[in-house]
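Notes for the one structure printed next.
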Protein chains: 2
Amino acid sequence: MAEVAARAGVSTMTVSRALKRDGAVSEETRRRILAAVEELGYVLDLSAGALSSKRTGFVAVLVPSINNSNFADTARGITEVIDDQGLQVLLGATDYDIEKEEHLVQTMLTRRPDGIIVTDGRHTPRARRMLQAAGIPVVEIWDLPAEPIDHVVGFSNAEASRALVHRLYQKGYRKIGFIGGASRRDSRGADRRLGYLRAIEELGLPVGRTIAFGDPPISVEQGGQAIVHLIEQWPDMDAAVCVSDLSAFGAIMECHRRGWAVPGRIGIAGFGDFEVSRWAWPRITTVAVNCRTIGLEAGRILLGALDDVQRKRTPMPATLIVPFEVIEREST
Amino acid sequence: MAEVAARAGVSTMTVSRALKRDGAVSEETRRRILAAVEELGYVLDLSAGALSSKRTGFVAVLVPSINNSNFADTARGITEVIDDQGLQVLLGATDYDIEKEEHLVQTMLTRRPDGIIVTDGRHTPRARRMLQAAGIPVVEIWDLPAEPIDHVVGFSNAEASRALVHRLYQKGYRKIGFIGGASRRDSRGADRRLGYLRAIEELGLPVGRTIAFGDPPISVEQGGQAIVHLIEQWPDMDAAVCVSDLSAFGAIMECHRRGWAVPGRIGIAGFGDFEVSRWAWPRITTVAVNCRTIGLEAGRILLGALDDVQRKRTPMPATLIVPFEVIEREST
DNA sequence: CTGTTAGCGCGTTCAT
DNA sequence: ATGAACGCGCTAACAG
């Protein structure tokens with residue numbers, strides 16, 4: 001920067017200003033500086049800038065998996081909003097593991113992000129403590145934690161799942177099973193199961209028709225295996241609710257393979273409105289949540305909080321509930 | 001750090017050492033320091049460390065899209081390798097746009113990454129210049145650039161596609177069409193089309209049977225539309241090669257919907273071995289590349305180069321060609 | 001609109 | 001095995 005400054009005949013401070021958005025620099029000076037930058041191939045060093053300005057421009061984002069189009073969409077939404085402000089996302093995947101989340105939180109904090117977005121409201125006590133002590137805005141997404149750390153953008157997975165079962169009931173289904181992951185690692189999956197159970201009970205339908213399969217994310221293959229178990233165990237089953245569209249898709253493909261008509265023999269519904277559900281044959285009934293919107297809103301709330309911090313106002317924790325929608329398609 | 005040092009009765013330098021892997025600190029001192037760290041809830045500030053050590057511990061990774069399981073797998077592979085060494089991935093998505101790539105390269109370099117991994121061998125001249133001038137190891141992946149910048153981990157998309165067409169020919173297919181994106185933005189897609197054309201010519205099959213659809217990534221929906229065009233335009237068509245599994249999947253589902261048997265009426269093949277292809281009905285013939293391996297190897301090569309740099313050896317540019325495999329499944 | 005001074009929180013380097 | 005002095009490259013704060 002000193003070289004650029006020398007070449008442009010100004011001080012480094014003026015170069016610094018010219019290279020920022022808000023820099024109050026005369027047009028002529030800026031032109032000379034940018035020319036010098038170009039000639040020297042100079043690239044600003046933000047890590048040094050971060051040290052002196054005490055703002056790194058990083059936003060840490062923790063999702064269960066980037067290899068899941070729902071979370072990838074959310075991450076994109078966050079990135080879109082954040083990019084505009086010249087901030088940079090630090091993405092981490094927890095693999096649905098709160099221990100791993102704790103470790104990632106620690107690693108991320110080491111980079112001094114200006115804010116952090118975490119998926120889920122479940123954390124280890126230590127992770128929770130670190131998040132609270134970090135002194136930066138925190139946004140928990142994709143869930144409605146009972147005790148939010150700070151801001152929240154999410155919805156009730158249980159309510160959504162319950163609404164889906166009610167809709168199936170209205171369509172005439174009476175023997176409704178559930179296919180989901182075995183462990184309690186995936187709290188959203190667990191919530192969906194809860195909503196299913198609540199609905200079954202409310203409606204007085206036969207209970208206990210649940211297949212639990214391996215560690216989340218339970219995927220296409222396990223959906224296929226589960227539907228076979230379900231039908232073999234309870235041959236009168238007329239519908240199956242799956243913890244996600246991926247397992248619903250696997251279940252439907254397995255039904256084709258065995259000559260079980262969907263929805264003729266059995267109706268199948270998923271969760272998440274993945275792209276596959278819109279184009280599968282039959283198209284899959286599901287619960288749609290606007291994943292990108294979750295990301296956009298989380299990003300906006302974070303930016304607002306950051307702005308508050310900069311103006312030395314105390315940010316007010318916000319909770320934003322995004323809508324979900326049961327989408328009926330051909331599979332039920 | 002000064003507070004930790006005071007509490008542990010040592011200098012900050014000793015704290016710094018205790019917090020690194022290689023730190024030469026006595027067991028007793030380290031124990032006291034870690035205790036102080038825990039009591040004070042101290043978190044190391046790597047951005048400050050980066051400034052003085054001149055190593056940020058960042059590795060920039062540019063992929064066309066994170067919402068594509070192939071690239072997500074590669075990103076995971078890179079992260080796995082890189083994490084072990086305490087490095088942190090800075091992920092960016094170019095949206096298959098080399099202008100956007102140029103902008104991202106600039107943004108990333110601003111963070112002073114220790115190395116950078118870019119997808120594809122096509123770059124704007126300015127991006128190329130910036131990558132070369134950055135003075136850090138560069139790895140180009142997923143392609144075999146004619147003029148590599150530095151290291152390469154990839155394969156020939158054209159060869160892979162060509163092999164697929166030859167395999168279809170062996171199975172008896174003679175009227176083979178191609179479904180892909182319209183623009184030249186996706187260089188891997190363009191390469192696959194090239195390989196298809198080469199094979200068609202070598203085998204003396206009827207040419208011109210190509211449907212080009214919108215901007216990449218062409219996806220499930222466009223696959224469905226394209227197969228209809230293809231069959232209506234050339235009713236004697238007996239097979240279609242799709243630029244990716246997603247479009248192949250869309251094509252197959254559309255065929256189901258219209259009562260065109262796959263592979264009875266028409267054989268359909270994809271590219272990429274996405275999970276959907278393994279579980280769709282019928283399972284989809286495709287070209288498999290080990291995406292995670294591309295990531296792992298790219299990460300390893302980068303780490304090797306970083307090690308060379310640290311030991312002040314000049315790293316030798318390496319080119320690693322990963323294997324591909326034509327996988328025949330039920331759809332052909 | 002521009003410059004000066006000081007310092008961000010560490011790690012390097014050298015000394016002990 | 002440990003410590004002291006210094007500086008990494010930039011920006012905040014203030015002055016002009």
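Model, not experiment: these values are computed from the prediction. Chain letters run A, B, ... following the sequence lines, proteins first and then strands; every chain starts at 1.
Residue B/Lys54 places at least one side-chain N or O under 4.0 Å from the OP1 or OP2 atom of D/dG9. At C/dT12, none of the side-chain N or O atoms of B/Ser52 fall inside 4.0 Å of OP1 or OP2 (strictly under the cut-off). Between A/Thr12 and D/dT11 there is no side-chain polar atom (N or O) within less than 4.0 angstrom of OP1 or OP2. Proximity of A/Ser53 to the phosphate of C/dC8: no side-chain N or O atom is located under 4.0 Å from OP1 or OP2. An OP1 or OP2 oxygen of C/dG9 is reached within less than 4.0 angstrom by no side-chain nitrogen or oxygen of B/Tyr42.
Using a 4.0 Å heavy-atom criterion, one finds that B/Ser47 contacts no nucleic acid atom at all.
Closest to the A/Met13 side chain, of the nucleotides D/dG3, D/dA12, D/dT2, is D/dA12.
We find that CG of A/Asp114 is positioned 18 Å from P of C/dC8, with the value rounded to whole Å. Taking atom CE on A/Met1 and atom C1' on D/dG7, their separation rounds to 17 Å, with Å as the unit. Put simply, CG on A/Asp45 is 14 Å from C1' on C/dC10, counting in whole angstrom units. The interatomic distance linking A/Leu51 (CG) with C/dA6 (P) rounds to 18 Å, in whole Å. In this structure, CD of B/Gln310 is placed 13 Å from C1' of C/dT12, rounded to the nearest angstrom. The separation between B/Arg17 atom CZ and D/dA1 atom C1' is 8 Å, rounded to whole Å. The nearest whole Å value for the distance from the CZ atom in B/Arg111 to the P atom in D/dC10 is 13 Å. Rounded to whole Å, the distance from CG on B/Leu44 to P on C/dG9 is 12 Å.
In terms of modelled atom types and a separation under 3.5 Å, the side chain of A/Asp114 and the main chain of A/Val59 share no donor-acceptor contact.
Heavy-atom distances to DNA chain D give each of B/Ala48 and B/Ser26 a nearest nucleotide, and the one nearer the 5′ end belongs to B/Ser26.
Taken to the nearest 0.5 Å, the CD1 atom of B/Ile82 stands 5.5 Å off from the CD1 atom of B/Ile117.
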- Task: Determine, step by step, whether A/Arg30 and A/Arg17 satisfy the side-chain contact (heavy atoms from CB on, under 4.5 Å) criterion, reporting the C-alpha distance in whole Å, the side-chain angles of both residues, the deciding distance to 0.1 Å, and the verdict.
- Result: CA-CA 9 Å; A/Arg30 161 170 281 128; A/Arg17 289 196 184 101; over 6 Å; no
- Item | Stepwise side-chain contact (heavy atoms from CB on, under 4.5 Å) check, B/Thr74 with B/Ile141 | CA-CA 9 Å; B/Thr74 297; B/Ile141 59 174; 3.7 Å; yes
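B/Arg188 and B/Asp120 are joined by a salt bridge, as a carboxylate oxygen and a charged side-chain nitrogen come within less than 4.0 angstrom of each other.
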